[in-house]
Amino acid sequence: MDHHSRSFSQQSCGQSPYLFFYECQASYNNGGDALFVTFAQIHGPNISKSMMVTVYLLVFVNCLCAFQVYVMAVFDNFEVRYTSKKNRPCPLWVRTCIRIGYGGLAFFPSVTFPFLRSLAPLVGGATLPLTFAYPCFMWIAMKKPRPNGLVWFINMGQGCFAVVLTVLIRRVAMAEMVEPNYRKVMPLPTSPSNTKTLGELMQVITIIDSDPSNDVTTSASLQGYQHNPQEAWLPITESRNGNTFFAAFHLLCSGIGLQALLLPVAFATLGWAWGIICLSLAFAWQLYTIFILIRLHESVPGIRYSRYMHLAIVSFGPKLGKLLALFPVLYSSGGTCIILIITGGRTLDLIFKTLCDRDAMCHAKSLTNTEWFLVFTCLAILIAQLPNLNSVAWVSLIGAITVVLYSTLIWSLSITKDRPIGISYSQSDKLKSNMEIFSDVLNALGIIALAFKGHNVILEIQGTLPSSPKQTSYKPMCTGVTISYVVIAMCQYPLAIGGFWAYGNKTRIVTAFSQIHGPNTSKLIMTSIYLLVLVNCLCTFQVYTMVVFDNLEVRYTSKKNRPCPRWVRTCLRIFYGGLAFFLSVTFPFLGSLAPLVGGATLPLTFAYPCFMWIAMRKPRPNGLVWFINMGLGCFGIVLTVLIVIAAAWTLADKGLKANFYKP
């Protein structure tokens with residue numbers, strides 16, 4: 001094939017609809033096109049659609065049938081372990097679960113390594129002795145023909161020649177892979193989807209659940225007893241050597257995030273007065289529920305409730321506690337980690353594109369969003385090998401510093417630069433129906449409510465502090481909460497007020513900043529902001545994911561009645577990292593659903609602690625304390641229902657871009 005033909009082949013590869021099953025690299029292995037690809041390129045446009053579809057269907061059916069043959073050997077390998085251990089046939093339900101599990105396991109590597117076929121000459125070449133060499137050696141070993149006889153000579157010669165051929169093929173394949181032009185990526189055309197700003201990113205991911213993270217453990221053996229030996233085996237309570245400052249670091253890192261950047265949007269709907277009033281009331285309300293949780297942590301002498309789920313079960317009973325808290329806690333813990341992967345991966349992409357600036361060659365070498373997600377996940381899981389929550393304290397300190405720095409940079413730069421022309425501080429309601437106005441108000445309240453997060457890790461953080469009958473963990477934790485929430489208020493109020501003053505009802509603060517001031521801001525400052533966001537995502541991931549690890553390990557320790565070995569702990573964390581990565585690629589639009597699904601977690605922050613206080617402390621019915629907590633709890637439930645309804649109405653009105661597997 002001449003140079004011109006090869007160039008044409010590389011350019012058209014991947015653009016023709018007939019190249020459905022083959023990627024570009026297969027089209028010019030060793031300088032020649034694969035027969036199927038060549039046929040599709042040359043004759044495909046001139047062949048009827050029915051004929052081409054028939055060819056593809058035959059290939060598809062063949063893949064399904066061949067899969068059954070090869071996968072049966074894998075199923076046999078799985079079942080032999082069960083039958084060897086149990087000494088009985090594999091039940092149908094176990095066999096079904098094994099096969100479904102392997103199907104999911106095979107699907108995940110196929111998405112993670114879609115380029116695996118390109119490695120076949122290198123990796124697959126190592127399997128050639130199974131076909132050409134080992135059978136010959138097996139014949140000699142088993143049948144023992146006369147040494148140096150004809151049969152012995154034929155089998156020994158063919159076996160040795162096959163081994164040498166395998167080595168040569170692998171060396172040639174490796175030499176081709178290290179060539180500069182191997183799997184050269186063609187630059188993607190510039191489009192709005194490939195040049196997203198951080199502002200556009202925030203529109204998707206910044207409204208998330210208000211109560212990220214908490215363990216979903218429901219084991220009766222973990223009701224919080226201080227002397228339960230299992231407590232010393234789990235990541236949350238393995239180390240109780242924390243202090244006030246460590247607690248403050250954790251609270252700062254987990255209690256404020258990118259959701260706060262949407263507060264100016266709420267002010268644009270509510271206005272100056274009502275915006276400040278609602279923000280202040282929500283701040284005081286959630287601070288009150290935090291102190292309730294802190295007090296209930298050791299409400300029974302000798303017992304520490306170090307997990308939100310445990311306290312819910314003790315307060316509301318096993319059935320009702322699970323019913324009320326299980327889904328919100330599951331979504332809060334897993335959903336937060338997934339959204340952090342989405343945010344971190346896209347921020348890595350923004351950093352790369354900011355550094356590339358206008359260099360087209362540099363942009364052409366950028367990774368896909370899926371690959372950026374994988375890079376972020378690998379970094380996060382590497383840091384997550386720290387053994388317990390207390391050991392993450394210094395990571396939380398870095399996360400706290402970065403969140404304070406990037407929020408301060410954004411609001412200070414916004415108010416120091418010129419405001420855009422024509423901004424307004426009043427909401428134009430002339431063209432809106434009453435339902436639209438009501439929905440906007442509820443969405444604004446939802447933004448304010450979702451800006452406060454981290455309540456589900458309050459008990460876990462307090463569980464890292466030492467406690468004794470004479471000096472409980474209440475006072476050190478109260479001091480840590482006071483310090484951290486003073487800093488949080490110093491970040492959230494300037495973001496809300498300064499952002500609204502700078503951009504009015506124009507748009508979100510980060511969208512406005514990147515669109516209006518981004519081109520006039522130095523590359524160093526923009527890169528610094530993105531780096532701070534990235535580091536904060538990595539650090540915040542450690543706090544929330546530690547609760548997930550605790551939940552995974554409690555199953556092992558309950559079953560084995562011993563601490564989790566280091567290798568098992570490492571495998572569990574790598575497994576969860578892979579699962580979270582897979583879900584982030586599957587649901588890259590998860591942040592858009594946060595007002596709807598995340599709104600269902602608001603009772604964890606604003607309602608359940610009040611009901612827990614009534615159930616645990618049993619204040620005098622119809623007394624002042626009872627009335628305050630019952631009123632706040634009921635109002636929190638009603639507010640949650642209204643916010644979820646408004647979010648559902650907004651989604652139904654504006655639609656949802658569900659880009660599965662296309663981050």
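For the numbers below, each heavy atom of this structure counts, side chains included, while hydrogens, waters and symmetry mates do not.
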**OP:** Show your working on side chain to side chain contact (heavy atoms under 4.5 Å, CB included) between Phe581 and Thr370 and close with a plain yes or no.
**Re:** CA-CA 9 Å; Phe581 165 72; Thr370 301; 4.0 Å; yes

Taking side chain as C-beta onward, heavy atoms only, is [X] less than 4.5 Å from [Y]?
X: Leu572; Y: Cys564; value: yes
X: Phe376; Y: Leu348; value: yes
X: Arg307; Y: Leu234; value: yes
X: Phe549; Y: Thr545; value: yes
X: Tyr661; Y: Phe582; value: yes
X: Val543; Y: Ser396; value: yes
X: Cys160; Y: Val163; value: no
X: His250; Y: Val457; value: no

Original post:
Do Phe589 and Phe660 have ring centroids that are under 6.0 Å from one another?
Top reply: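 So the answer is yes for these two rings.
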
Looking at [Y], is its backbone amide N or carbonyl O close enough to the side chain of [X] to form a donor-acceptor pair, meaning the two atoms are under 3.5 Å apart?
X: Tyr544; Y: Ser254; result: yes
X: Thr557; Y: Val554; result: yes
X: Gln542; Y: Ala384; result: yes
X: Thr540; Y: Cys537; result: no
X: Arg573; Y: Ile381; result: no
X: Asn390; Y: Thr464; result: no
X: Asp550; Y: Ile236; result: yes
X: Trp233; Y: Glu238; result: no
X: Ser391; Y: Asn388; result: yes

State the [atom1]-[atom2] distance between [X] and [Y], to the nearest 0.5 angstrom.
X: Gln230; Y: Asn561; atom1: CD; atom2: CG; value: 8.0 Å
X: Tyr331; Y: Leu326; atom1: OH; atom2: CG; value: 15.5 Å
X: Arg562; Y: Tyr556; atom1: CZ; atom2: OH; value: 3.5 Å
X: Asn659; Y: Thr586; atom1: CG; atom2: OG1; value: 11.0 Å
X: Thr402; Y: Leu538; atom1: OG1; atom2: CG; value: 9.5 Å
X: Leu534; Y: Leu340; atom1: CG; atom2: CG; value: 11.0 Å

**OP:** Please list all pairs passing the disulfide (SG to SG under 2.5 Å) test where one or both residues lie in residues 341-373, with sequence neighbours left out.
**Re:**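 For residues 341-373, and leaving out neighbouring residues, the disulfide (SG to SG under 2.5 Å) pairs sorted by first residue read Cys356-Cys362.
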
**OP:** Only counting residues at least two apart or in another chain, list the ones meeting side-chain hydrogen bond (donor to acceptor under 3.5 Å, both in side chains) with Glu553.
**Re:**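 If we apply the side-chain hydrogen bond (donor to acceptor under 3.5 Å, both in side chains) test to Glu553, skipping adjacent residues, the hits are Arg569.
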
Original post:
So Leu355 and Thr527, side chain to side chain contact (heavy atoms under 4.5 Å, CB included) or not? Walk me through it.
Top reply: CA-CA 7 Å; Leu355 293 175; Thr527 304; 3.9 Å; yes

Subject >> With Trp152 via ring pair (Phe, Tyr, Trp, His ring centres under 6.0 Å) - residues at least two apart >> reply: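 Counting only residues at least two positions away or on another chain, Trp152 forms no ring pair (Phe, Tyr, Trp, His ring centres under 6.0 Å).
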
Original post:
Which residues satisfy the ring pair (Phe, Tyr, Trp, His ring centres under 6.0 Å) test with Phe327, sequence neighbours excluded?
Top reply: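 By the ring pair (Phe, Tyr, Trp, His ring centres under 6.0 Å) rule, Phe327 matches no residue at all.
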
Check residues 58-78 and write down every donor-acceptor pair under 3.5 Å in which the side-chain atom is one partner and the other belongs to a residue at least two apart or another chain.
from, atom 1, to, atom 2, distance (Å)
Gln68, NE2, Leu64, O, 3.1
Asn77, OD1, Arg81, NH1, 2.6

**OP:** Could you pull out all residues at least two apart from Arg99 that satisfy salt bridge (charged side-chain N to carboxylate O under 4.0 Å, His left out)?
**Re:**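 For Arg99, the residues satisfying salt bridge (charged side-chain N to carboxylate O under 4.0 Å, His left out) (neighbours in sequence not counted) are Glu79.
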
Might you point out which heavy atoms bring [X] and [Y] nearest each other, and give the distance in Å?
X: Gly399; Y: Cys253; value: CA-SG, 4.0 Å
X: Trp139; Y: Val151; value: NE1-CG1, 3.5 Å
X: Ser306; Y: Gly463; value: OG-CA, 3.8 Å
X: Pro387; Y: Met546; value: O-SD, 4.3 Å
X: Pro135; Y: Pro129; value: CD-O, 3.8 Å
X: Ser333; Y: Tyr576; value: O-OH, 4.3 Å

Around [X], counting heavy atoms of other residues, nucleotides and ligands shown, do more than 12 lie under 6.0 Å from its [atom1]?
X: Arg566; atom1: CZ; result: yes
X: Lys523; atom1: NZ; result: yes
X: Phe137; atom1: CZ; result: yes
X: Phe575; atom1: CZ; result: no

**OP:** Might you work through the side chain to side chain contact (heavy atoms under 4.5 Å, CB included) test for Arg555 and Leu552, ending with a clear yes or no?
**Re:** CA-CA 6 Å; Arg555 268 71 178 169; Leu552 292 174; over 6 Å; no

Original post:
Are Ser332 and Tyr308 close enough, and set up right, to give a side chain to side chain contact (heavy atoms under 4.5 Å, CB included), and what steps lead you there?
Top reply: CA-CA 12 Å; Ser332 298; Tyr308 197 102; over 6 Å; no

